[in-house]
Amino acid sequence: MEFSRRSFLQGAGATAATCAMYTAIPGSIASLSAAPIKGSATNVNSICEMCSTRCPISARVINEKNVSILGNDKATPFGGSVCARGGAGHSLLYDPQRIVKPLKRVGERGEGKWQEISWDEAYQTIASKLNQIKKDHGAEAVAFSSKSGSLSHHLFDLAKGYGSPNTFTHLTTCPGGYSIASTAMLGSKIKRDLGNSKYIVNFGHNLYEGINMSETRGMMKAQVEKGAKLVVFEPRFSIVADKADEWHPIKPGTDIAIALAMCHVLIKEDLYDKAFVERYVEGFDAFAKEVAQKTPEWAEQITDVKASDITRITREMAALAPAVCVDFGHRATFTTEEFELRRALFAANVLLGNIERKGGLFFGKKAKGYNKLAGEEVAPDLAKPGVNYPKITAPRIDQVDDQYYLLWSNGGIYQSILDATLDAKPYALKGWVISRSNPMQTMTDRARIEKAMKQLDFIVCCDVYISETAAFADIILPESTYLERDEEIADKSGKNPRYYVRQQVVDVIGDTRPSWQIWRELGIAMGLEQFYPWTNMDTLRMAQAKGDANFVNTVLEEGWVSYGKPLMLREKGMVAEFAATYANARKPDADGTYASALKFKTPTGKIELSSAKVESMAPGRGVIRYRDVKLKDDDQLFFIQGKVAIHTNAATHNIPMLSQLMSDNGVWIHPLTAGKLGIRSGDEIRVYNQTGSEVGTALVTPGIRPDTVFAYMGFGSKNKELQRAFNKGVHCGNLLPDVTSPVVGMNLHTTGVKVEKV
């Protein structure tokens with residue numbers, strides 16, 4: 001389908017003033033001629049992709065001019081609605097700066113000179129370059145990276161067929177800390193049952209700005225409907241702090257001291273769940289010995305939080321256990337001790353005995369395990385196409401240190417791509433294929449990323465925009481937006497098996513393609529046909545469903561399908577209802593639970609408060625331990641970042657509707673600090689350190705510690721070709737040093753800066 005700036009203005013209601021901000025880019029929607037918007041006039045059930053939550057939606061085209069995007073009423077955990085970002089999906093679809101034709105670089109890398117090319121030319125160019133790199137340097141000389149989740153495995157399947165071990169998700173730039181810590185301690189990732197919590201302790205996991213629709217609604221339900229108490233430890237007065245019963249402005253990077261002091265109180269005062277610990281926990285004695293001296297008084301000296309408050313909060317929480325949750329967080333690397341922090345937060349939950357209990361933590365109940373407990377097939381179990389890939393013998397570029405062993409099969413150390421490119425450690429990379437990811441914004445030390453990208457022989461980027469990262473590619477492949485493509489059935493299991501699916505709502509605009517199709521067609525162009533036994537999304541869905549057309553049709557029609565009864569293994573009421581529902585269900589234990597079915601995929605089969613495996617890979621880290629860290633010099637301020645409800649990480653700041661809602665990330669600074677520096681709100685200021693320098697706008701507020709400044713991430717794009725007049729602010733990655741945290745491999749997101757008035 002063709003599109004123009006004029007039809008954008010008609011469909012999205014933009015103003016002439018806004019239109020003047022757009023830059024004419026080769027291959028963009030603005031370069032196409034006018035045509036009406038085609039698509040389904042009746043509601044199509046699909047999945048949003050304006051953030052990583054991927055909420056179920058119901059969407060349709062209205063009068064060939066616009067798209068209505070609402071929530072799917074059947075998806076009750078999500079409230080049947082969408083957030084501000086989800087409602088702005090049509091603005092992404094129609095954006096005149098969106099790329100809708102393949103592009104080839106014709107100037108210097110990063111110069112911004114592009115030429116439209118055909119898909120055939122794009123595929124042949126990429127196939128020729130990648131196959132030549134493979135011939136000259138080996139397949140391992142090419143890295144493949146993608147934002148994790150929907151469609152990422154298609155790029156990684158291409159990498160496996162090609163023969164490269166170097167596949168990377170965004171894990172170490174966002175959720176890696178809690179994910180790796182959970183895997184090390186509990187054997188797999190775990191979920192929060194916030195909606196049933198009576199007491200929630202939060203360490204800067206700002207669910208009221210970094211929205212995860214189901215979890216955000218769960219916390220709202222707990223607070224509003226059930227009167228749950230929310231206590232927040234965070235250096236700034238965020239939205240979640242504003243909605244809390246208590247806010248404690250903790251010193252940046254000291255959260256672990258609070259967590260360990262809480263564990264100390266639980267153990268010393270005999271407030272922990274002894275029966276749970278005895279049955280399910282390995283290494284309790286070693287952990288108890290480690291925290292014996294980690295008193296609230298000790299923590300007060302480190303964190304600036306009163307010892308009396310730490311003790312009181314711990315006692316209050318224990319009194320309401322197990323319906324309590326110590327939130328283990330999401331995106332944050334407060335210090336290089338991220339692994340210890342997340343383990344300490346999990347440890348507090350474990351001592352409270354809240355695993356598989358309402359209001360605590362629980363494991364997702366996928367169909368295979370659920371059906372086994374039920375003694376019958378309650379829910380269909382998804383299959384994968386039977387493809388045998390060649391065994392790859394080359395080591396990954398991040399296999400240089402055994403402490404990172406948990407990452408090698410869980411997303412990898414994303415920033416190791418830079419080390420291998422610049423320093424040939426452990427060997428040199430020559431190519432990089434990037435899909436749905438913008439490391440120029442999400443990695444740290446932007447100058448180093450740019451240097452690495454300029455040194456590579458060949459870069460391919462698949463995206464909807466010429467992002468900061470795509471601006472340094474040799475070939476840009478335009479991906480269809482989530483409203484223009486079909487995808488596989490996705491597993492969204494919670495307390496019971498659940499599935500949903502993305503379906504096309506709008507006819508494809510321009511000459512874009514879904515990334516699953518792009519990587520399949522590129523693979524075939526590279527001579528890898530044998531790895532693609534499926535031909536299109538219909539055949540792939542049927543392969544997933546093992547030929548069960550009724551299941552496929554049900555998911556397509558409903559958009560969201562939930563099977564069976566919600567189940568938590570240590571909740572008597574839920575177990576009783578489950579056992580009564582299924583005639584062949586596993587018989588409950590003597591205590592009326594399925595506690596005996598609770599297993600942990602760790603070396604000992606238990607929750608590991610102390611781990612011999614971790615100790616062998618990372619000496620000194622087998623036991624959760626506090627270590628002093630230095631984040632700034634004495635004459636610097638702490639610099640921290642966070643998410644905002646209007647934008648998603650570094651992905652939405654160019655979307656017109658959202659950009660106009662929030663165009664700048666004013667730098668929060670305390671009045672006392674601002675006064676000493678002669679700074680007032682609205683003043684232009686320079687924020688700088690050894691890594692970089694940024695100019696932004698001051699936002700003077702008492703809602704932050706005097707020793708700290710804050711900015712929302714994702715702003716301050718350096719891509720002048722796409723930078724709109726309303727995409728301003730501080731580029732956080734340009735101020736953060738290139739530091740990798742032990743064990744979890746996370747980028748460091750806290751540092752020291754100086755501030756001055758411009």
Side-chain angles (χ1 to χ4, degrees), residues 178 181-182 185-187 189-203 205 215 218-219 222-223 226-233 245-246 255-288 290-292 294-296 299 309-329 340-363 568-572 574 591 593 595 598 600 606-610 624:
Y178 87 83
S182 181
M185 280 186 67
L186 305 166
K189 289 193 288 187
I190 200 165
K191 300 175 182 288
R192 292 163 277 243
D193 185 31
L194 293 172
N196 289 307
S197 290
K198 296 178 181 178
Y199 203 107
I200 302 168
V201 178
N202 182 293
F203 289 84
H205 184 202
E215 289 194 332
M219 193 155 76
Q223 287 189 269
K226 300 196 173 184
K229 184 169 183 177
L230 174 62
V231 177
V232 172
F233 296 96
D245 297 275
E246 295 182 25
D255 307 67
I256 185 174
I258 299 288
L260 292 176
M262 286 180 166
C263 291
H264 169 91
V265 174
L266 290 171
I267 295 171
K268 182 180 180 181
E269 298 189 5
D270 247 7
L271 300 175
Y272 71 98
D273 189 330
K274 298 183 187 64
F276 181 83
V277 169
E278 183 175 349
R279 183 171 188 177
Y280 295 107
V281 174
E282 176 73 20
F284 171 77
D285 290 341
F287 177 68
E290 185 63 36
V291 300
K294 301 301 183 286
T295 65
D309 286 332
I310 298 171
T311 301
R312 172 184 53 79
I313 290 165
T314 306
R315 290 170 179 168
E316 290 176 353
M317 190 166 49
L320 294 173
V324 297
C325 180
V326 180
D327 195 331
F328 48 80
E340 307 293 41
L341 167 61
R342 302 303 158 186
R343 285 202 297 172
L345 296 175
F346 282 124
N349 286 290
V350 169
L351 293 177
L352 291 163
N354 69 358
I355 310 298
E356 290 291 327
R357 295 300 304 272
K358 283 185 176 180
L361 309 182
F362 68 97
F363 294 101
M568 299 179 85
L569 299 180
R570 298 177 60 236
E571 279 294 334
K572 293 181 181 179
M574 298 176 99
D591 64 356
T593 73
L598 180 56
F600 302 92
K606 293 186 174 185
I607 299 170
E608 297 188 349
L609 285 182
S610 302
I624 304 168

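- Between Lys191 and Glu215 there is no salt bridge, since no side-chain N of the basic residue sits under 4.0 Å from a carboxylate O of the acidic one.
- In this structure, the side chain of Asp193 does not engage the main chain of Lys358 through any donor-acceptor pair within 3.5 Å.
- Paired with Leu345 under the rule side chain to side chain contact (heavy atoms under 4.5 Å, CB included), one option of Val326, Val350, Leu260, Ile258 passes, and it is Val326.
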side-chain contact (heavy atoms from CB on, under 4.5 Å) evaluation trace for Leu320 with Lys229: CA-CA 10 Å; Leu320 294 173; Lys229 184 169 183 177; over 6 Å; no
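- Formation of a donor-acceptor pair under 3.5 Å by the Arg570 side chain with backbone atoms of Ile355 is found in this model.
- Side chains of Phe276 and Leu352 form no contact here, defined as non-hydrogen atoms less than 4.5 Å apart.
- One distance of note links CG of Leu609 with CZ of Phe284; it measures 8.0 Å at 0.5 Å rounding.
- Once rounded to the nearest 0.5 Å, the distance linking NZ of Lys294 with CD1 of Ile256 reads 9.5 Å.
- Summarising the geometry, atom CD belonging to Glu316 is positioned 7.0 Å from atom CD1 belonging to Ile313; distances are rounded to the nearest 0.5 Å.
- Shown are Val291, Thr314, Asp273; of these, the side chain to side chain contact (heavy atoms under 4.5 Å, CB included) with Leu266 is made only by Thr314.
- At a threshold of 4.5 Å between non-hydrogen side-chain atoms, the residues Met219 and His205 do not count as touching.
- At least one donor-acceptor pair closer than 3.5 Å links the side chain of Asp245 to the backbone N or O of Leu230.
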Steps toward side-chain contact (heavy atoms from CB on, under 4.5 Å) verdict (Leu361, Arg192): CA-CA 5 Å; Leu361 309 182; Arg192 292 163 277 243; 3.9 Å; yes
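- Remark: the backbone N or O of Phe363 is paired with a side-chain donor or acceptor of Glu356 at under 3.5 angstrom.
- Each of Phe233, Tyr178, Phe328 was checked for a ring pair (Phe, Tyr, Trp, His ring centres under 6.0 Å) with Phe203, and the lone residue meeting it is Phe233.
- Nearest heavy atom pair, residue Gly195 against residue Lys226, reads O-CD, 3.6 Å.
- Separation of atoms CE (Met262) and CZ (Arg315) is listed at 12.5 Å; rounding is to 0.5 Å.
- Between Ala347 and Met185, the shortest heavy-atom contact is N-CE, 4.1 Å.
- When every heavy atom of Ser197 is checked against every heavy atom of Ala222, the shortest pair comes out as O-CB, 3.7 Å.
- We find the CZ-NZ distance between Arg357 and Lys572 to be 8.0 Å, quoted to the nearest 0.5 Å.
- For Ala286 against Ser610, the heavy-atom pair with the smallest separation is CB-OG, 3.4 Å.
- For the pair Lys274 and Tyr272, the distance from NZ or CZ to the six-membered ring centre is under 6.0 Å and the angle to the ring normal is within 45 degrees.
- The backbone N or O of Val324 lies less than 3.5 Å from a partner atom in the side chain of Asn354, making a donor-acceptor pair.
- The nearest pair of heavy atoms linking Pro296 to Val265 is CG-CG2, 3.6 Å.
- Residues Phe287 and Leu351 are in side-chain contact: their nearest non-hydrogen atoms beyond the backbone lie under 4.5 Å apart.
- Between Gly329 and Arg342, the shortest heavy-atom distance links the atoms CA-NH1, 3.8 Å.
- Here the straight-line distance linking atom SG of Cys263 with atom CG of Asn349 works out to 9.0 Å at 0.5 Å rounding.
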